[in-house]
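Below, read A as the first sequence line, B as the second, and so on, with proteins coming before strands; counting in each chain starts at 1. Just so it is clear, the structure is predicted and the values come from calculations on it, not from any experiment.
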There are 2 protein chains.
Amino acid sequence: MTMLEDRLGATFIALADPTRRAIVARLAAGDATVNELAAPFDMTLPGISKHLKVLERCGLITRTRHAQFRPCHLEADVLDSAIDWMQQNRRIWSERFDKLDSRLRELQRPTNDVSQKPARQRKSHE
Amino acid sequence: MTMLEDRLGATFIALADPTRRAIVARLAAGDATVNELAAPFDMTLPGISKHLKVLERCGLITRTRHAQFRPCHLEADVLDSAIDWMQQNRRIWSERFDKLDSRLRELQRPTNDVSQKPARQRKSHE
DNA sequence: CCCTTGATTAACTTGACAGCTAAGTAACCG
DNA sequence: CGGTTACTTAGCTGTCAAGTTAATCAAGGG
């Protein structure tokens, strides 16, 4: 349940770990085998293997088979999805400045009628 | 140590949770009080309070005080940092296509010349 | 054929985190 | 004042993730 979260969540979870971010950065420069990816880290191979599994689970990487080697490949689409989510909120946030935040202004008035109304959205233009 | 990770990691951790992403999305549309943020969720107020603390820890939100209210404010800079990291790797990944991946091609040759580095695997048994 | 290399699976420990309830703090209201 | 509103802090629990070692699989090479 908790584990089967949406892909976006899984992507952020994957990127939350510094080791995995380093792996992603490495793979951005080109495909690599597990041993190559493990080289820079002071970590056992199974540890790296687990990290790769996390990256694979959210679709950030794919793995093919070549003899004993399992070269890893970065999939940019998933990265794009995460970027999209952030940029969209970033954009909304920017646009917000155009129409001054009335919700908070109301809070600042002495008349405090600001109870727990749903007020999902602030009614800006009036 | 593990807990005091870098800000980038903390940001991704913060965005990994769906509740916190929803809170961020809500705050992108305008500042809000804790009760307002809590309203859409089937969760107790302390739960929301914890989530806000996580968002605050990585700098994604700031909180001021106004009477009994603690309006939350989204800080876009931190969002930008995370976007930047992703886009940079995304860009490197794109550029990689210009110069065909030679590393993997080498793997695909019959000559097994792949391990340029001695694997630093821990051998438990000599 | 073994044996080495590359990588994974299994089992376990540790520590963080999400959620809860109950109690505490802080400001305002009557 | 006392009570209400808004929120936080303090425990507690269950779950999950990160790391380890030991054992295993799968493919080549002598």
Side-chain angles (χ1 to χ4, degrees), chain A residues 1-5 9-10 12-21 23 32-39 41-58 61 63-72 107-117, chain B residues 1-5 9-10 12-23 32-39 41-58 63-72 107 109-126:
Chain A
M1 295 266 202
T2 317
M3 189 176 146
L4 295 177
E5 244 178 316
F12 284 129
I13 287 172
L15 295 176
D17 187 275
T19 301
R20 286 193 295 260
R21 280 200 306 280
I23 290 175
T33 67
V34 179
N35 270 302
E36 285 170 349
L37 291 173
F41 305 102
D42 187 19
M43 192 184 301
T44 58
L45 218 49
I48 299 294
S49 201
K50 273 193 176 180
H51 282 306
L52 293 177
K53 204 164 222 172
V54 174
L55 291 168
E56 196 175 26
R57 197 169 55 196
C58 71
I61 70 169
R63 280 187 281 184
T64 55
R65 174 146 210 159
H66 232 284
Q68 312 109 299
F69 307 90
R70 284 136 183 96
C72 299
L107 272 177
Q108 287 165 345
R109 292 168 164 253
T111 69
N112 101 22
D113 196 6
V114 267
S115 38
Q116 60 286 4
K117 295 297 179 203
Chain B
M1 286 294 208
T2 317
M3 191 173 141
L4 297 176
E5 244 178 315
F12 284 128
I13 287 173
L15 294 177
D17 187 274
T19 301
R20 285 191 297 257
R21 279 201 305 281
I23 290 175
T33 68
V34 178
N35 270 302
E36 284 170 349
L37 292 173
F41 303 103
D42 187 19
M43 192 184 298
T44 58
L45 218 49
I48 299 294
S49 201
K50 272 194 177 181
H51 282 306
L52 293 177
K53 203 163 223 172
V54 173
L55 290 168
E56 197 175 25
R57 195 171 56 197
C58 71
R63 280 187 280 185
T64 54
R65 173 146 212 159
H66 247 286
Q68 311 107 300
F69 306 91
R70 283 137 183 97
C72 298
L107 269 179
R109 294 169 164 256
T111 68
N112 170 4
D113 194 6
V114 203
S115 357
Q116 54 195 17
K117 303 188 165 187
R120 71 191 310 264
Q121 177 169 14
R122 264 166 216 180
K123 342 194 146 176
S124 48
H125 176 266
E126 186 94 48

Does [X] have a side-chain nitrogen or oxygen under 4.0 Å from the phosphate oxygens OP1 or OP2 of [N]?
{"X": "Lys53(B)", "N": "dT9(D)", "result": "yes"}
{"X": "Ser49(A)", "N": "dT8(C)", "result": "yes"}
{"X": "His66(A)", "N": "dG6(C)", "result": "no"}
{"X": "Asn35(B)", "N": "dC7(D)", "result": "yes"}

Among [options], the one nearest [X] by side-chain distance:
{"X": "Leu45(A)", "options": "dT20(D), dT8(D), dA7(C)", "answer": "dA7(C)"}
{"X": "Pro46(A)", "options": "dT21(D), dC20(C), dT8(D)", "answer": "dT21(D)"}
{"X": "Phe69(B)", "options": "dA7(C), dA6(D), dT8(D)", "answer": "dA6(D)"}
{"X": "Arg20(A)", "options": "dA18(D), dA18(C), dT8(D)", "answer": "dA18(D)"}
{"X": "Thr33(A)", "options": "dA7(C), dG19(D), dT9(D)", "answer": "dA7(C)"}

For the pair made of [atom1] in [X] and [atom2] in [N], what is the distance, rounded to whole Å?
{"X": "Ile48(A)", "N": "dA17(D)", "atom1": "CD1", "atom2": "C1'", "result": "15 Å"}
{"X": "His51(B)", "N": "dA18(C)", "atom1": "NE2", "atom2": "C1'", "result": "6 Å"}
{"X": "Leu15(A)", "N": "dA17(D)", "atom1": "CG", "atom2": "P", "result": "15 Å"}
{"X": "Arg63(A)", "N": "dT9(C)", "atom1": "CZ", "atom2": "P", "result": "8 Å"}
{"X": "Leu37(B)", "N": "dT8(D)", "atom1": "CG", "atom2": "C1'", "result": "15 Å"}
{"X": "Lys50(B)", "N": "dT15(D)", "atom1": "NZ", "atom2": "C1'", "result": "13 Å"}
{"X": "Leu52(A)", "N": "dA7(C)", "atom1": "CG", "atom2": "C1'", "result": "10 Å"}
{"X": "Ile13(A)", "N": "dA18(D)", "atom1": "CD1", "atom2": "C1'", "result": "13 Å"}

Minimum heavy-atom distance [X]-[Y], with the two atoms named:
{"X": "Gly9(A)", "Y": "Arg21(B)", "result": "CA-NH1, 3.3 Å"}
{"X": "Ile13(B)", "Y": "Arg20(B)", "result": "O-NH2, 3.1 Å"}
{"X": "Leu15(B)", "Y": "Phe12(A)", "result": "O-CD1, 3.3 Å"}
{"X": "Ile23(A)", "Y": "His51(A)", "result": "CD1-CB, 4.2 Å"}
{"X": "Phe41(B)", "Y": "Ala22(B)", "result": "CZ-CB, 3.5 Å"}
{"X": "Val34(A)", "Y": "Arg70(A)", "result": "CG2-O, 4.1 Å"}

For nucleotides 24-27 of chain D, give me every protein contact, N/O to N/O, under 3.5 Å, one pair per line with atom names.
residue	atom	partner	partner atom	Å
dA26(D)	O3'	Arg65(A)	NH2	3.4

> Is a donor on one side and an acceptor on the other found under 3.5 Å between the side chain of Arg57(A) and the backbone of Ala14(A)?
Replying inline: no
